[in-house]
Amino acid sequence: MTPEINTEQKGHPKGIYLLFATEMWERFSYYGMRALFSLYMLNALLFDKSYSGQIYGSYTGLVYLTPLIGGYIADRYWGNRRSIIVGALVMAIGQFLLFLSGCFFETIGTATILMFSGLGFLILGNGFFKPNISSMVGQLYTAGDRRKDSAYTIFYMGVNTGSFIAPLICGFFGDTGHPADFRWGFLAACIGMLIGVTIFFIFKDKYLKTPNGDAIGIIPNNKDVNKNETIKSSENLSEEKKTSSVRNVIIWGTVWIILFYLLYFLLETDLIGSIIFSLTVAAPGYIISDPSLTKIERSRIWVIYIIAFFVIFFWAAFEQAGASLTYFAEEQTDRHIELFNRTIPTSYFQSVNAFSIIIFAPLFVMLWTKLNKRGKEPASPFKQSIGLFLLAAGYLVIAFGVKGLAPGVKVSMLWLISLYVIHTFGELCLSPIGLSMVNKLAPLRFASLLMAVWYLSTATANKFAGTLSGYYPQPIIELALVQSAEKDNSLTLLPKDFAESVTEKDGTAVIPFDKITFSKIEDKTLKSQIQNNLEKQQMENPKTFMGYRISNLYDFFMLFVFMAGAASVILFFLSKRLLKMMHGIK
Ligand code: GLN
């Protein structure tokens, strides 16, 4: 098959802006709820940190697992449009149940049941929504259209516009310091979802068309619209193929059960982790053994799988943003701005990524277009390898920032901001490009299901990210210097809580202990006492990850440099081979 080249067309079809708006509101809803969710569990339902952390990790993992169901149903029975509408409505019910949970937060039993039911609806609804909206973007273009990468980057701006405004709006209504107000944040998320689905419902028939005017995302029939291939539907399958279909179900079902057993019973992985990890292997195995696939199609699907595997390491390191990097922002970053005499709240750092995507995505579109005109645009696997490299680079920068730093001392927020901006560049090379690549490589009749496989790497990564963030070096007992007015202003080092309790007495003052006060201390004995004290605390709690010793922040950040760096280099060397396996698709 020779892909039809269509480079002449300028601008983008209107359908992309409809998908932009729908996805923007859905992500508004998702990220708005996500910004409040942990706080709600901690401050309204009074769960402890480790329990709420587990629920949070399982939720963000499962949300990206159910696209397997949604993708399968859409490709076989419902088509994208119906799946998107059903998914959005199911998620709106989920948000509404969270709103109700928030209304009953004082009756913890009822509130908890409502909360878990709400999460169930959100997890299921996302499965119908996410892979289907993502796979529709590419269907607006002909198979070989070079605008696909930029189309996905525009779509990705929709994702991030939603995720940027969500914490601000839902946080404004929900995160007021009064536990009774969380419900308003959840209600805002519910309304956002309803706005998205309404826009989609009204404009879908008008704008969701192929360049030839054929409707896209409708109930699948036997015609592969984009590629003019005839689908070998199950009715047309020969007896032999039907038998091999049944055989596949048995083989991959057994693989799934064995893997689950190994993970859950032998390796003692938690239940959700075991389900996610085992399905991440078994589901793709089942898809690629489908008897209707041709050799070329199978080879292209392998490319999706191989890259999705490397992408796990990207998201596992990237998703530290919500976990260990948030602890870092809270405990080790100087968030005070002298000029305005203000301290930036920790949660604001979460917006740096989404904001940078909105700013830089158009520049990346321009960059790819320019390189393309000169015939120098890198192919997808190379772009993804660059993405992983940039991820490693971001961690290298921050590792440099904390190297040799006395623990407990705070560093400038520029380190964290630099990391987030570099990670954004990496994300722009990897994530929208990945969606576009999956769309180009997947046979249309498996478009949404393979998009779901792509999101499986996020499911696995989100779960893995939680495990990795557990290696964050133990928080240090906070220290403070006490300046005694009586004894010639002499300084003593004390645990902060204790120091604060003695402040009021006899003119002693507590000096917040940070990098600056540390460098001002002249007393050498006191200085070395502080250093020793803090170093001892760290040395007492070293952790090892696969033989790698993590005794301080530098070691911790370098773990991600090695992980993402190694993935980047291996993918780079595999790229040429992968390109061949793509059979003419760039
Ligand atoms: N932030 C993006 C989104 O929410 C990417 C998610 C992912 O693939 N991990 O769509």
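Remember, it's 1-based here, ligands and their atoms both numbered in the order they're listed. Owing to the predicted nature of the structure, the values given are computational and were not obtained by experimental measurement.
Cation-pi geometry between Lys148 and Tyr152 is not satisfied (NZ or CZ under 6.0 Å from the ring centre, within 45° of the ring normal). In this structure, Arg34 forms no cation-pi arrangement with Tyr31, as its terminal cationic atom is not both closer than 6.0 Å to the ring centre and no more than 45° off the ring axis.
Around the CZ atom of Phe572, the shell of radius 6.0 Å holds no more than 12 heavy atoms that belong to other residues, nucleotides or ligands. Remark: Phe20 CZ is packed, more than 12 non-hydrogen atoms of other residues, nucleotides or ligands lying under 6.0 Å away.
Tyr286 and Trp256 have their aromatic ring centers separated by at least 6.0 angstrom.
Residue-level contacts of ligand 1 at the 4.0 Å heavy-atom threshold are Arg27, Tyr31, Tyr64, Lys130, Tyr156, Val159, Trp315, Tyr455, Thr458.
A donor-acceptor pair is defined here as one N or O able to donate and one able to accept, closer than 3.5 Å; no such pair exists between the side chain of Thr458 and the backbone of Trp454.
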